[in-house]
Amino acid sequence: MILDAKLYTSPQALKADICIMGGGVAGIVLANELKAHFPNIILIESGDEFYTQEAQDLYAPSKKPDNYVDPSYSRLRFLGGTSNHWLNNTSPLSTIDFEKRDWLDNSGWPITFEDLEEHYDSAAKYCGTESDNYNRSFWQKFLHQDNVFETSKSIEFGIAKASIAPVRFFHQYGSHLRDLPSIQVIKNANVIDLEFDSETEDIKEVSFNAYNNITHNIKASTFIMCFGGIENARMLLYFNRKYNNKLGNQYDNVGRYFMDHPTMKPAQLFTQDNDLFKDNSQKVESFNVIRFIQLTEDALRKHRTTNLRMPPIPANSYQLSDGISSFHILKQAIHDGEYPDDFSTHIGNIFSDIDMVVEAVSRKSFDTKLFDNAGEFEGFELNIMMEQGPHRNNRVKLGNETDQFGIPRVEIDWELKDDDIERLWRSLAVLGKEVGMLSIGRLRILKEQSSRLFHDQMGFGHHHMGTTRMSTCEKEGVVDKHQKVFGTNNFYISGCSVFTTGGHVPPTLTIVALSIRLAQHIIGNQYG
Amino acid sequence: MVNKARRSFIFTASTLSALAALEVFTPIGRLQAIQDKRMQLLSRYMLDNWMKIEDMSPSDYLEKKKITMLTTANEIKAYIENDFQKEDIIVVNGFMLSKTETAILAHIDNIKS
């Protein structure tokens, strides 16, 4: 049943077997997986069944980097969470993502790919992409393009699947929850406190408020926090203020190792056969199968680098214009009063590409297209999503401003580090070498455009990972291999805040797989 | 002033060999349609970049690899693929190119001068 906390006129003292905090993807999957095994589950959600500004405003940070997106724009705080606007692009992590890599500091999950592999099929069903794996050999027959990397040891195609239409988790699975008397979904319920018994190391109860100063409590045997990558850390930091960092934070790891998936277009691919990469997706039943270029695990190990998801996107002369990019770089440099690197190169680009520069000015200033050839296909942009390393000093922490409940808003410290950028160039060089060797084409790497690539042209996957990371010990993380918060007996976290490393693919499929695995662990505990 | 005779020689021998190997380029891949002047500019550009990085001239490099006017397009293609395999690569304006193909293009201007 679905209840509205705003309708409670007096404080409620509730009891449950399991209290799930957060009604996004992880929370809904957990409720669904646990419902058959526990007679009394409560799921509380800050938002409503639809968007409300009062809930959304709670995501607003007190401070963030200029080039990082405000989470109150990228997240959605109502039942279904960010699945209410995601593109449903799913891929599993790779075997190497779970390994300790000596070229990537702080890497190494306490679980292996094999520990999660069995859950990816069920996760795919939740995400509307059915099962039948993500194996490119299997899907190649559905795609109408040859596998030009078939003989390569360094480059391969990865597979993503996206449901048509995207699965909105509450819309899809909410009815199951609505109809079950054993599950109470309480909306408009904001967790504001929890009580921890440091003797028994148990969470005893959580308190929540419905925007109306009435506080309610839930006692439960097990508590699971699924607020999302930033909010999990924010709330855990807040609770730890009261309990002297006993909740997984003895070593100051909560909020740290914050990762996202930066996106950008750092390279262009010119091919001998212009049709080679023009069609990289195919509708199969109720979902799209999409292929993208990536490095093989052998190449990652050999070159000591991290992976890139590189879908080649057909681009025209205007989009590939050097002149336009250089024009913007010089314009920004003049504005900043700086002398840019490669000044003569940029000047050369502008003059050798003057028609496209004029075209850009005409489009922007007069909304007029001048040259027909500007729209001609010329090559491919690689619109990459990259794996960022887990850097301890990329973090979320508590700021000085508070929300309406008196809980500090979050402060975000995030940047793309030099070693992340070095690995990006290294991985692209592997691709450049391979396309030349296979006579597929030539790769152009846009290092000269770094000043734009990593600033105004950089986007994000909005995947907030790593802030309550899994590890083998509390010294290196926040939760153990079963996602249980160190220092507690009955407090778990789910979502991509538990990721130790982020991989190069969207995290939702793995979030669902981890949530299914966690549910099975909790069920197993119940039955001994 | 470009020497018409040399340009003719370039296009009938060296350039065509390079063109066969350079079909993959765009806009370089459109060399079949461009005018001499652009080819010369491109070659000059390649030569300038070559000389910034390499100690020996393009012609010496080609001679060392025994690439001559008689080398066929398929043989040049094999040289180029081998360059990439061995990471004998030069970066020109961000393009990752084989040294052989760069030397061939740069050599055109080398011949001219």
Side-chain angles (χ1 to χ4, degrees), chain A residues 151-155 266-274 276 302-303 314-317 320-323 325-326 342 344-346 348-349 351-353 355-356 373 376-380 425-426 428-450 453, chain B residues 17-35 37-53 72-105:
Chain A
T151 58
S152 174
K153 293 186 172 57
S154 299
I155 301 292
Q268 298 163 349
L269 179 61
F270 300 95
T271 54
Q272 185 166 0
D273 176 356
N274 286 338
L276 207 56
K302 180 180 172 187
H303 296 281
N316 56 38
S317 303
L320 296 180
S321 167
D322 288 344
S325 293
S326 290
D342 300 316
S344 57
T345 299
H346 292 304
N349 286 344
F351 281 105
S352 64
D353 217 14
D355 55 345
M356 289 300 112
N373 67 334
E376 285 177 6
F377 168 79
E378 192 168 307
F380 297 90
W425 298 137
R426 202 178 314 143
L428 285 172
V430 173
L431 176 63
K433 173 193 160 185
E434 205 69 11
V435 297
M437 197 169 79
L438 296 172
S439 293
I440 290 170
R442 296 293 180 273
L443 189 72
R444 184 165 179 237
I445 300 177
L446 303 174
K447 276 190 187 177
E448 77 200 26
Q449 295 179 18
S450 291
L453 282 174
Chain B
S17 299
L19 282 175
L22 293 173
E23 278 173 355
V24 299
F25 284 157
T26 302
I28 301 172
R30 295 182 188 156
L31 287 174
Q32 293 166 3
I34 64 166
Q35 300 301 311
K37 192 170 179 184
R38 283 190 64 175
M39 181 63 180
Q40 296 297 331
L41 283 171
L42 177 65
S43 182
R44 165 63 61 174
Y45 184 74
M46 289 298 190
L47 180 62
D48 287 348
N49 278 277
W50 176 276
M51 296 312 294
K52 282 178 194 169
I53 301 166
T72 66
N74 281 339
E75 285 168 337
I76 289 177
K77 186 166 179 274
Y79 275 116
I80 289 171
E81 288 172 1
N82 196 48
D83 280 352
F84 279 105
Q85 187 160 26
K86 290 185 177 172
E87 297 186 27
D88 227 356
I89 293 165
I90 190 167
V91 178
V92 176
N93 196 17
F95 278 98
M96 287 182 66
L97 304 177
S98 134
K99 277 194 181 173
T100 299
E101 63 193 349
T102 311
I104 289 173
L105 272 174

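Just so it is clear: chains get the letters A, B, ... in the order the sequence lines come, proteins before strands, and each one is counted from 1.
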- Which region of Lys447(A), side chain (C-beta onward) or backbone (N, CA, C, O), has a non-hydrogen atom less than 4.5 Å from a non-hydrogen atom of chain B, or is it both or neither? neither
- Under 4.5 Å to a heavy atom of chain B? For Ile445(A) that would be both
Atom pair [atom1] ([X]) and [atom2] ([Y]), whose distance is rounded to the nearest 0.5 Å:
| X | Y | atom1 | atom2 | result |
| --- | --- | --- | --- | --- |
| Arg444(A) | Leu97(B) | CZ | CG | 10.5 Å |
| Ile440(A) | Phe84(B) | CD1 | CZ | 11.0 Å |
| Asn82(B) | Met437(A) | CG | CE | 10.0 Å |

How far apart are the closest heavy atoms of [X] and [Y], and which atoms are they?
| X | Y | value |
| --- | --- | --- |
| Met96(B) | Ala429(A) | CE-O, 3.4 Å |
| Glu87(B) | His303(A) | OE2-CE1, 4.3 Å |
| Ile80(B) | Arg442(A) | CG2-NH2, 3.3 Å |

- Answer key: most heavy-atom pairs under 4.5 Å with chain B among Lys433(A), Gln449(A), Glu434(A) is Lys433(A)
